[in-house]
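Fair warning: this is a prediction, and the values are worked out from it, not measured in the lab. Along the sequence shown, the residues carry numbers beginning at 1. Both counts, for ligands and for their atoms, begin at 1 and track the order of listing.
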Amino acid sequence: MIETGHPADAGTRSGRSRLIVLAGPTAVGKGTVAAAVRETHPEVWISVSATTRAPRPGEENGVHYWFVSDEEFDAMVEKGDLLEWAVVHRAARYGTPRGPVDLALASGQPAMLEIDLQGARQVRETMPEALFVFLKPPSWEELVRRLVGRGTEDEAERERRLETARHELAAESEFDVTIVNHEVHAAADELVALMVGPGLRHPDQPPSD
Ligand code: 5GP
């Protein structure tokens, strides 16, 4: 379900933006929605972030993340190779490699970043023409259920993430569009429609091609 109403509804600030920044509270299912987009919409390019956290079972280097050491991450920051980066859950660093994003946008491909709120705020500073989408859980109870159900974090880590999530939910109004993640494929389709559908063109603006 899409909730709009923000003045910058559906990216109408720019008729040509093909970059979507997807953020939202922890455990809302951003990664799962991004994976569904990857699976069903290969025309959408999805950024692969660099992270200093260890891979979870089944995660592949270069597919889910670029798993790097602290030193490698430091080097990327120093060289200015990251479009944005943040320490997430006070645990590890995550960042978006800049070069691949530039390449995807230059080629005219619709592109998507799935990042945390701190990262989204940084991108808003440097690429305000992007469309900022907030993925929201159907309810707080559902968010807690998803976080606990995932079972990949220990008790202390879960508490940390819930605390972060409480703050993150409050940031919804900073975003252009909200999508409620009732069902992953529906949310993925809504997201893609914002990128490739008529949603990115201002109603008063003629098609550009
Ligand atoms: P996880 O460790 O569960 O894969 O991801 C933890 C959090 O890091 C998620 O909220 C995810 O959106 C965020 N994240 C993943 N990649 C990036 C990135 O490149 N930059 C930022 N700022 N956050 C990221």
Side-chain angles (χ1 to χ4, degrees), residues 19-38 45-70 72-77 79-105 111-127 130 132-137 143-144 146-154 156-172 174-175 178-179 181 184 187-188 191:
L19 179 64
I20 282 220
V21 178
L22 178 67
T26 181
V28 69
K30 295 188 297 281
T32 318
V33 169
V37 172
R38 189 180 288 119
W45 178 83
I46 302 179
S47 166
V48 178
S49 299
T51 182
T52 58
R53 88 150 158 74
R56 296 189 185 119
E59 285 184 334
E60 273 179 60
N61 193 40
V63 177
H64 300 92
Y65 285 104
W66 296 106
F67 295 100
V68 300
S69 65
D70 272 319
E72 286 168 322
F73 201 97
D74 284 342
M76 284 189 271
V77 172
K79 281 193 280 174
D81 286 350
L82 298 178
L83 181 61
E84 59 74 36
W85 70 272
V87 177
V88 181
H89 306 307
R90 284 181 252 158
R93 286 183 290 173
Y94 296 78
T96 303
R98 185 193 301 276
V101 176
D102 290 343
L103 276 178
L105 291 177
M112 184 169 103
L113 313 182
E114 182 257 293
I115 59 179
D116 90 320
L117 184 62
Q118 309 167 75
R121 286 177 176 144
Q122 291 172 45
V123 179
R124 174 140 251 166
E125 293 296 311
T126 52
M127 300 177 111
F132 292 81
V133 179
F134 190 79
L135 191 67
K136 193 169 120 169
L143 185 67
V144 174
R146 287 179 193 177
L147 187 57
V148 173
R150 190 158 73 177
T152 47
E153 290 87 24
D154 64 20
E157 179 62 17
R158 265 204 303 275
E159 277 308 311
R160 251 204 312 272
R161 288 184 177 217
L162 278 176
E163 189 195 319
T164 307
R166 263 183 219 106
H167 286 107
E168 288 172 336
L169 269 180
E172 182 186 348
E174 296 174 30
F175 285 74
T178 293
I179 293 179
N181 188 16
V184 58
L191 196 55

Novice: With rounding to the nearest 0.5 Å, note down the distance linking CD in Glu84 to CZ in Arg121.
Specialist: 12.5 Å

Novice: Before accepting this row, confirm whether a basic side-chain N of the pair Glu59/Arg53 lies closer than 4.0 Å to the acidic partner's carboxylate O.
Specialist: yes

Novice: Between Asp116 and Lys30, is there a side-chain N and carboxylate O pair less than 4.0 Å apart?
Specialist: no

Novice: From atom 4 (O) of ligand 1, work out which of Tyr94, Tyr65, Trp66, Trp85 has a heavy atom at the shortest distance.
Specialist: Tyr65

Novice: With the threshold set at under 4.0 angstrom, would you say His64 reaches ligand 1 through any of its heavy atoms?
Specialist: no

Novice: Check each atom of ligand 1 against the heavy atoms of Gly119 and keep those under 4.0 Å away; list them by number with element.
Specialist: 22 (N)

Novice: Show which atoms of ligand 1 fall inside a sub-4.0 Å distance from at least one heavy-atom site of Lys30.
Specialist: 10 (O), 12 (O)

Novice: Quick one: look at Glu84 and ligand 1, take heavy-atom pairs under 4.0 Å, and tell me if it's side chain, backbone, both or neither.
Specialist: side chain

Novice: To the nearest 0.5 Å, how far apart are OG1 in Thr52 and CG in Asp74?
Specialist: 9.5 Å

Novice: To the nearest 0.5 Å, tell me how far Gln118 CD sits from Glu168 CD.
Specialist: 8.0 Å

Novice: Counting from 1, what ligand 1 atoms have a heavy atom of Ser49 closer than 4.0 Å?
Specialist: 16 (N), 17 (C), 18 (C), 19 (O)

Novice: Find all atoms of ligand 1 within a distance of less than 4.0 Å from any non-hydrogen atom belonging to Ala86, and give their numbers and elements.
Specialist: 22 (N)

Novice: Would Gly95 count as a contact residue for ligand 1, given that I'm defining contact as a non-hydrogen atom of the residue lying under 4.0 Å from a ligand atom?
Specialist: yes

Novice: Relative to ligand 1, is Glu168 under 4.0 angstrom through side chain, backbone, both or neither, heavy atoms considered?
Specialist: neither

Novice: Check for me whether Thr26 has a heavy atom closer than 4.0 Å to any atom of ligand 1.
Specialist: no

Novice: Would you give the length of the straight line joining atom CZ of Arg93 to atom CG of Asp70, rounded to the nearest 0.5 angstrom?
Specialist: 5.0 Å

Novice: With a 4.5 Å limit on heavy-atom distance, are the side chains of Arg146 and Asn181 in contact?
Specialist: yes

Novice: From the options Trp85, Phe73, Tyr65, select the one residue that forms a ring-ring contact (aromatic ring centres under 6.0 Å, His included) with Tyr94.
Specialist: Tyr65

Novice: Could you measure the distance from the CE atom of Met112 to the CD1 atom of Ile46? Nearest 0.5 Å is fine.
Specialist: 4.0 Å

Novice: Check Arg53 against ligand 1 and report side chain, backbone, both or neither, counting heavy atoms closer than 4.0 Å.
Specialist: side chain

Novice: Please confirm whether Gln118 approaches ligand 1 to less than 4.0 Å, judged on its heavy atoms.
Specialist: no

Novice: So for ligand 1, is Asp116 a polar contact partner (N or O within less than 3.5 Å, distance only)?
Specialist: yes

